[in-house]
A.B. asks: 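Next up is a structure, given as structure tokens.
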Amino acid sequence: MPAHKSVSVIGAGAWGTALADVAARAGRKVTLYARNAAHAAQIEATRANPKLPGVRLDPTITVTSDIATAADAEIILAATPAQHLRAAVIHVAPHIKPRTPVIACAKGIEHGTHRFMTEVIAEAAPQSVPAILSGPSFADDVARGLPTAVTLAAQDETVAISLVQALGSATFRPYHTSDVRGVEIGGAAKNVLAIAAGIVVGRDLGASALAALTTRGFSELARFGRACGARTETLAGLSGLGDLLLSCSTAQSRNFALGIALGRGEAAPSGKLAEGAFTAPVLVELAASRQIDMPVSRAVAAILAHKLTIDDAIEGLLTRPFKAEG
Ligand SMILES: NC(=O)C1=CN([C@@H]2O[C@H](COP(=O)(O)OP(=O)(O)OC[C@H]3O[C@@H](n4cnc5c(N)ncnc54)[C@H](O)[C@@H]3O)[C@@H](O)[C@H]2O)C=CC1
Ligand SMILES: O=C(CO)COP(=O)(O)O
């Protein structure tokens with residue numbers, strides 16, 4: 001019997017709703033928190049969330065907009081966008097019990113502070129035990145019960161193991177690790193690289209170019225990760241290479257879809273969260289401060305900031321001096 005009986009999910013978007021279903025499927029008592037009372041009431045009454053069309057919420061899940069009610073759980077999943085994580089955790093922090101695991105489910109790096117997701121949690125809720133969940137997993141697939149595998153990291157691996165026991169099921173398989181930094185870097189960087197991959201597809205550069213871009217993208221993700229102390233096996237695992245492959249292969253990825261639109265010279269899809277657009281400038285700043293070469297991410301950041309045209313970015317990447325692979 002898992003040690004943790006109850007789970008609360010903060011953030012009732014697509015991912016938070018899917019994760020609430022995951023936890024219910026694993027047999028936990030689940031509360032889903034939406035900060036907007038009308039939104040919470042609508043989800044509670046209809047058992048549906050417009051952010052996740054066609055999915056019915058598990059009947060055992062309670063939906064609330066009361067933060068104290070949401071905080072009364074043995075595990076907190078924080079499923080807001082990365083740039084909203086700090087505010088969400090600060091809001092719940094005064095109500096949680098000491099040593100409650102708070103799992104970051106967002107993929108990104110905080111603007112201004114350059115903090116990774118578990119660092120944000122540690123600062124916003126110092127009495128909590130930060131952890132991170134990341135990997136190739138579209139909310140829609142997860143909510144439909146399609147098979148998914150992810151990585152769950154906590155500094156203390158016994159904590160990660162207990163969280164895996166609490167959330168895992170036959171259709172949602174978390175693998176545990178203590179390599180927190182590796183997991184947070186993989187999830188953040190892959191979104192930026194998925195935009196680049198989408199641009200390749202939007203510009204009709206061909207399948208060979210897409211494979212080359214994805215592989216060279218992984219090379220810079222791994223270079224950055226290793227320089228930040230991440231383990232190679234994590235970077236090459238589900239939360240790194242696994243998620244990169246998913247997000248660079250299908251327009252189901254919002255980041256890839258944004259890239260396709262940019263590549264075609266079209267407007268960005270409206271109302272869709274593409275975390276890579278927020279992560280790109282911070283990732284590039286961090287890489288520069290550590291003298292790590294990330295040419296693909298740099299090009300994405302420059303395109304998004306309107307400092308470089310797509311054609312100039314492509315030409316710039318293709319005319320770099322030849323070098324050893326690595
Ligand atoms: N949608 C997906 O397939 C997956 C998303 N993720 C990650 O999960 C994070 C959230 O993404 P989505 O759920 O897709 O976005 P979304 O746009 O569907 O939902 C975000 C939700 O967070 C809520 N929110 C924002 N600030 C809040 C706060 N301070 N307190 C409480 N709620 C707050 C918003 O009201 C919204 O309901 C992102 O970092 C994303 O990369 C990770 C894996 C899969
Ligand atoms: O992180 C995800 C899948 O693992 C979701 O990807 P997008 O945010 O690009 O849709």
Side-chain angles (χ1 to χ4, degrees), residues 8-22 32-40 42-43 49-53 55 63-67 70-71 76-93 103-110 116-117 120 124 132-144 146 148-152 172 174 183-184 186-198 238-260 268-279:
S8 277
V9 183
I10 307 296
W15 192 218
T17 304
L19 286 171
D21 257 338
V22 158
L32 175 62
Y33 169 82
R35 60 183 168 167
N36 179 301
H39 189 208
Q42 187 200 8
I43 300 174
N49 186 341
K51 290 262 190 185
L52 208 49
V55 169
V63 189
T64 185
S65 60
D66 179 56
I67 197 68
I76 306 281
L77 299 181
T80 66
Q83 305 308 323
H84 296 255
L85 178 66
R86 186 178 292 272
V89 177
I90 285 175
H91 192 42
V92 75
I103 309 178
C105 304
K107 298 176 179 177
I109 306 171
E110 193 175 53
F116 294 108
M117 296 292 92
V120 171
I132 181 147
L133 183 154
S134 195
S137 49
F138 288 126
D140 193 64
D141 295 351
V142 169
R144 286 173 202 282
L146 300 177
T148 321
V150 298
T151 310
L152 207 164
F172 187 80
V183 174
E184 43 202 0
K190 70 87 190 174
N191 281 334
V192 179
L193 299 166
I195 296 174
L238 290 161
S239 57
L241 181 60
D243 210 357
L244 180 72
L245 291 178
L246 178 72
S247 303
C248 291
S249 63
T250 164
Q252 201 177 336
S253 159
R254 296 163 296 186
N255 289 286
F256 189 79
L258 169 61
I260 292 176
S270 70
K272 301 268 187 194
L273 174 73
E275 285 281 34
F278 298 97
T279 305

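Note: hydrogens, waters and symmetry copies are ignored here, and every other heavy atom, side chains too, is used. All ligand and atom numbering here is 1-based and tracks the order in the structure. Note that the numbering runs from 1 along the sequence shown for the chain.
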A.B. asks: Write out the residue and atom name of the closest protein heavy atom to atom 19 (O) of ligand 1, then the distance separating them to 0.1 Å.
C.D. replies: Gly13 CA, 3.1 Å

A.B. asks: For Thr80 versus Ala88, what's the shortest heavy-atom pair and its separation?
C.D. replies: CG2-CB, 3.7 Å

A.B. asks: Backbone, side chain, both or neither: what part of Ala34 comes under 4.0 angstrom of ligand 1, heavy atoms only?
C.D. replies: neither

A.B. asks: Where do Ala79 and Gly16 come nearest, in terms of heavy atoms and distance?
C.D. replies: CB-CA, 3.6 Å

A.B. asks: Is there a polar contact, in the sense of an N or O pair closer than 3.5 Å, between Arg254 and ligand 2?
C.D. replies: yes

A.B. asks: Judging by distance only, is a nitrogen or oxygen of Trp15 under 3.5 angstrom from one on ligand 1?
C.D. replies: yes

A.B. asks: Just which atoms of ligand 1 are under 4.0 Å from any heavy atom in Ala88?
C.D. replies: 28 (C), 29 (N), 30 (N)

A.B. asks: Record the part of Thr80 in heavy-atom contact with ligand 1 below 4.0 Å; permitted values are side chain, backbone, both and neither.
C.D. replies: both

A.B. asks: Return the residue, atom name and 0.1 Å-rounded distance of the protein heavy atom closest to atom 22 (O) of ligand 1.
C.D. replies: Pro81 CD, 3.4 Å

A.B. asks: Which of these, Ser239, Ser137, Ala257, Gly187, has its nearest heavy atom closest to atom 3 (C) of ligand 2?
C.D. replies: Ser137

A.B. asks: Would one find an N or O of Arg254, backbone or side chain, under 3.5 Å from an N or O of ligand 1?
C.D. replies: yes

A.B. asks: Could you say whether the N/O atoms of Ala139 and ligand 1 ever approach to under 3.5 Å?
C.D. replies: yes

A.B. asks: What I'd like to find out is whether the side chain of His91 reaches to under 4.5 Å of the side chain of Ile10, using heavy atoms alone.
C.D. replies: no

A.B. asks: Considering only the protein, which heavy-atom contact is closest to atom 6 (O) of ligand 2, and what is its distance?
C.D. replies: Lys190 NZ, 3.5 Å

A.B. asks: Check whether any side-chain heavy atom of Leu146 lies under 4.5 Å from a side-chain heavy atom of Phe138, and answer yes or no.
C.D. replies: no

A.B. asks: Which of the atoms in ligand 1, numbered in the order shown and given with their element, are less than 4.0 Å from a heavy-atom of Phe138?
C.D. replies: 3 (O)

A.B. asks: Donor-acceptor check, side chain of Glu184 to backbone of Met117, threshold 3.5 angstrom: yes or no?
C.D. replies: yes

A.B. asks: For ligand 2, is there an atom lying under 4.0 Å from some heavy atom of Lys272?
C.D. replies: no

A.B. asks: Quick check for you: to the nearest 0.5 Å, what is the distance between Asp243 atom CG and Asn191 atom CG?
C.D. replies: 7.0 Å

A.B. asks: What protein heavy atom lies closest to atom 16 (P) of ligand 1? Include the residue and the distance to one decimal.
C.D. replies: Lys51 NZ, 3.7 Å

A.B. asks: Of all the non-hydrogen atoms in the protein, which one sits nearest to atom 7 (C) of ligand 1, and at what distance?
C.D. replies: Cys105 O, 3.6 Å

A.B. asks: Kindly state each residue pair satisfying salt bridge (charged side-chain N to carboxylate O under 4.0 Å, His left out) with at least one member in residues 248-257, sequence neighbours excluded.
C.D. replies: none

A.B. asks: Report the part of Ala79 (side chain from C-beta onward, or backbone N, CA, C, O) that has a heavy atom under 4.0 Å from ligand 1; answer both or neither where that applies.
C.D. replies: backbone

A.B. asks: Considering only heavy atoms of Asp243, which atoms of ligand 2 have at least one such atom less than 4.0 Å away?
C.D. replies: 3 (C), 4 (O)

A.B. asks: For ligand 2, which atoms sit closer than 4.0 Å to a heavy atom of Leu246?
C.D. replies: 3 (C), 4 (O)

A.B. asks: Taking all non-hydrogen atoms of both residues into account, name the closest pair between Val192 and Gly276 and its distance.
C.D. replies: CG2-O, 3.7 Å

A.B. asks: Which ligand 2 atoms are under 4.0 Å away from a heavy-atom of Lys107?
C.D. replies: 1 (O), 2 (C), 3 (C), 4 (O)

A.B. asks: Output the list of atoms in ligand 2 that are nearer than 4.0 Å to some heavy atom of Ser253, sorted by atom number.
C.D. replies: 7 (P), 9 (O), 10 (O)

A.B. asks: Tell me whether Ala14 has any N or O atom under 3.5 angstrom from an N or O of ligand 1.
C.D. replies: yes

A.B. asks: For Asp140, give me all partners under salt bridge (Lys or Arg N to Asp or Glu O under 4.0 Å), at least two apart in sequence or on another chain.
C.D. replies: Arg144

A.B. asks: What protein heavy atom lies closest to atom 25 (C) of ligand 1? Include the residue and the distance to one decimal.
C.D. replies: Arg35 NH2, 3.4 Å

A.B. asks: So, do Leu77 and Trp15 sit near enough that their side-chain heavy atoms are less than 4.5 Å apart?
C.D. replies: no

A.B. asks: Only one of Ser247, Ser239, Ser134 forms a side-chain hydrogen bond (donor to acceptor under 3.5 Å, both in side chains) with Lys190, so which one is it?
C.D. replies: Ser247

A.B. asks: Please examine the side chains of Phe278 and Leu273, heavy atoms only from C-beta on, and report whether any two atoms are closer than 4.5 Å.
C.D. replies: yes

A.B. asks: Any atom of ligand 1 sitting under 4.0 Å from a heavy atom of Gly108?
C.D. replies: no

A.B. asks: Which atoms from ligand 1 have a heavy atom of Ala12 less than 4.0 Å away?
C.D. replies: 37 (O)

A.B. asks: Classify the contact between Ser134 and ligand 1 as side chain, backbone, both or neither, using a heavy-atom distance cut-off of under 4.0 Å.
C.D. replies: neither

A.B. asks: Test your reading of the model: is there a side-chain donor-acceptor pair from Glu110 to the backbone of Val120, 3.5 Å cut-off?
C.D. replies: no

A.B. asks: Which residue owns the protein heavy atom closest to atom 15 (O) of ligand 1, what's the atom, and how far is it?
C.D. replies: Leu273 CD2, 3.5 Å

A.B. asks: Where is the nearest protein heavy atom to atom 44 (C) of ligand 1: which residue, which atom, and how far?
C.D. replies: Ser137 O, 3.1 Å

A.B. asks: Do Ile195 and Phe256 touch side chain to side chain, with heavy atoms closer than 4.5 Å?
C.D. replies: no

A.B. asks: In this structure, does ligand 2 have an atom that sits under 4.0 Å from one of the heavy atoms of Gly135?
C.D. replies: yes

A.B. asks: For a quick test of reading the model, state the closest non-hydrogen atom pair linking Ala106 to Pro81 and the distance between them.
C.D. replies: CB-C, 4.1 Å

A.B. asks: Grab the two heavy atoms, one from Ala82 and one from Gly108, that are nearest each other, plus how far apart they are.
C.D. replies: CB-CA, 3.7 Å

A.B. asks: State the atoms of ligand 2, each with its element, that fall below the 4.0 Å cut-off from a heavy-atom position in Pro136.
C.D. replies: 4 (O)

A.B. asks: Looking only at side-chain N and O atoms, does Thr17 offer a donor or acceptor that is under 3.5 Å from a partner on Asn49?
C.D. replies: yes

A.B. asks: Which of the numbered atoms in ligand 1 are under 4.0 angstrom from any heavy atom belonging to Gly11?
C.D. replies: 32 (N)

A.B. asks: Would one find an N or O of Glu275, backbone or side chain, under 3.5 Å from an N or O of ligand 1?
C.D. replies: yes

A.B. asks: Which heavy atom in Cys105 sits nearest to a heavy atom in Leu19, and how many Å separate them?
C.D. replies: SG-CD1, 3.6 Å

